[in-house]
Protein chains: 2
Amino acid sequence: MEDERRFAEEVGTVLSGMGLPAAFGKLMGWLLICDPPQQTSAQLVQALGLAKGSVSTGMRALEQLGMVQRVPASGRGHAYEMLPDALVRTVDARRLYLVIHAVMQKGIDVLGGDESAPRAQRLRVTRDFYAFVAERIPQLIDEFAQQEGLSQPRKDA
Amino acid sequence: MEDERRFAEEVGTVLSGMGLPAAFGKLMGWLLICDPPQQTSAQLVQALGLAKGSVSTGMRALEQLGMVQRVPASGRGHAYEMLPDALVRTVDARRLYLVIHAVMQKGIDVLGGDESAPRAQRLRVTRDFYAFVAERIPQLIDEFAQQEGLSQPRKDA
DNA sequence: TGCTATGTTCAGAAAGTTTTGAACTTTGGG
DNA sequence: CCCAAAGTTCAAAACTTTCTGAACATAGCA
């Protein structure tokens, strides 16, 4: 019980060290380990000692990342439940790679758009690498999903 | 000239949006596009309008990530030069994946160490996924290096 | 060795982010 | 339709991080 809460705190610390809000990490840690897996906002407030506002904001983020889904709760309102493959989805952040790809292309354009120019080499290698990674990540995830027997978690957004 | 400086600023903004210091991003952007590729601290201070301290700190970080190397400069001191595959190296952040792997294992331990327990499922899938990714990333990088004709950028740290 | 260019450190200022909680809105039961 | 529970928003406070620049250290030339 207390160990589980401590685990949530620890995930909070780790994610915080990666530049994410601690509240976000605590919620994630708790939802990974809590019993039952469905938790209402009120329960999360209680369990983690966070303000209602922080839970609201944090859960919205987790939802938008596709890590958590709402489920009907008895009475009114809803509960949240983390998906089994929640963290798998986060690696599928193709957007990140595509942003870098775009910036590198812009750099090449600044240099006159000549890809073969020696000065453009670093930019070109970087651009191509991120394109390569963005292309490969979905394959990697599929491969894992298959060997693990998960249904494909392909995200379309 | 002015476009190039603007490019550096833009990389600063993008990386800043990813939780990294803006000065770090500006240095990276400038080193990706500058001519000549070798730049002294004084030149970086001048080009980017950063304080000496910020350049010093930022360059130390870029060096430790293996993105930049010191090269002898005429006169005293040294210059920095970004490696062509600098950003390729940053994806090879296996440490990140292994940290998450370790946290998930800890969570399973909190639950009594029984991997087959239903409650441990989310933790187990996550742990295994990060192990999988940590294992595959080097392969992915090698594959890219080969198709691009780069010498292997394997980092041992 | 003295002198200057170069580089680093670090304390405080500036900037930015997260958290909180009170006010507000929404929802659903009776 | 009213009321209470549930959820959201947002401004201000608390906190954290980055940036700056002056003081300090180091290295090489003469």
Side-chain angles (χ1 to χ4, degrees), chain A residues 5 8-31 36 38-65 67-82, chain B residues 5 8-31 36 38-65 67-82:
Chain A
R5 155 105 197 221
E9 296 287 343
E10 189 170 342
V11 174
T13 304
V14 169
L15 289 236
S16 174
M18 294 177 181
L20 293 166
F24 179 91
K26 285 187 198 179
L27 287 165
M28 209 171 100
W30 180 253
L31 287 166
Q38 301 82 20
Q39 300 271 306
T40 63
S41 288
Q43 286 175 307
L44 294 167
V45 164
Q46 160 93 76
L48 298 169
L50 293 170
K52 272 174 31 158
S54 303
V55 170
S56 179
T57 306
M59 291 314 294
R60 178 142 25 84
L62 285 167
E63 239 182 315
Q64 286 204 295
L65 286 168
M67 298 177 69
V68 151
Q69 69 185 168
R70 289 173 189 237
V71 297
S74 60
R76 66 197 86 176
H78 55 263
Y80 298 100
E81 177 170 9
M82 177 167 276
Chain B
R5 155 105 195 220
E9 296 287 343
E10 190 170 341
V11 174
T13 303
V14 169
L15 289 238
S16 173
M18 295 178 180
L20 292 166
F24 180 91
K26 286 187 199 179
L27 287 165
M28 211 172 99
W30 181 251
L31 287 167
Q38 302 81 19
Q39 300 271 307
T40 63
S41 288
Q43 286 174 307
L44 293 167
V45 165
Q46 159 93 79
L48 297 170
L50 293 169
K52 271 170 40 152
S54 302
V55 170
S56 179
T57 306
M59 292 313 295
R60 179 144 23 85
L62 285 167
E63 241 183 313
Q64 286 204 296
L65 286 169
M67 298 177 69
V68 150
Q69 69 185 166
R70 288 172 189 237
V71 297
S74 62
R76 66 199 84 179
H78 56 263
Y80 297 100
E81 177 170 10
M82 176 166 278

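Every heavy atom of this structure was used, including side-chain atoms; hydrogens, water molecules and symmetry mates were not. Here is the naming used below: chain letters follow the sequence lines, and residue numbers restart at 1 for every chain.
- To the nearest 0.5 Å, atom CG of residue B:L31 and atom NZ of residue B:K26 are 14.0 Å apart.
- Summarising the geometry, the separation between NE2 on A:H78 and C1' on C:dG28 is reported as 14 Å, rounded to the nearest angstrom.
- Projected onto DNA chain D by closest heavy-atom contact, A:A79 and A:S16 fall at different nucleotides, the more 5' of which corresponds to A:A79.
- A:S54 comes within 4.0 angstrom of a base, heavy atoms only.
- The interatomic distance linking A:L48 (CG) with C:dT20 (P) rounds to 11 Å, in whole Å.
- Picking from C:dT8, D:dC19, C:dT20 the nucleotide with the shortest atom distance to the side chain of B:S56 gives C:dT8.
- Counting only N and O atoms by type, the side chains of B:E81 and B:Q69 include no donor and acceptor under 3.5 Å apart.
- Looking at heavy-atom distances under 4.0 Å, A:S41 makes contact with sugar-phosphate atoms alone, never a base.
- Checking the phosphate oxygens (OP1, OP2) of C:dT9, a side-chain nitrogen or oxygen of B:R60 falls inside 4.0 Å.
- Taking the side chain of A:Y80 as heavy atoms from C-beta on, and the options C:dT18, D:dT8, D:dC19, the nearest nucleotide is D:dT8.
- Here the straight-line distance linking atom CD of A:Q38 with atom NE2 of A:H78 works out to 13.0 Å at 0.5 Å rounding.
- With rounding to whole Å, A:K52 atom NZ is found 13 Å from D:dT9 atom P.
- A 6.0 Å sphere centred on CD of A:Q46 holds no more than 12 heavy atoms belonging to other residues, nucleotides or ligands.
- Separation of atoms CZ (B:R60) and CG (B:L65) is listed at 12.0 Å; rounding is to 0.5 Å.
- D:dA6 atom P lies 16 Å from atom CE of A:M59, rounded to whole Å.
- In this structure, B:E63 atom CD and C:dG7 atom P are separated by 11 Å, rounded to whole Å.
- Going from atom CZ of A:R70 over to atom P of C:dT27 covers 11 Å, rounded to whole Å.
- Note: CG (A:L20) to C1' (D:dC15) measures 17 Å, nearest angstrom.
- Nucleotide C:dT19 holds its C1' atom 10 Å from the NZ atom of A:K26, rounded to whole Å.
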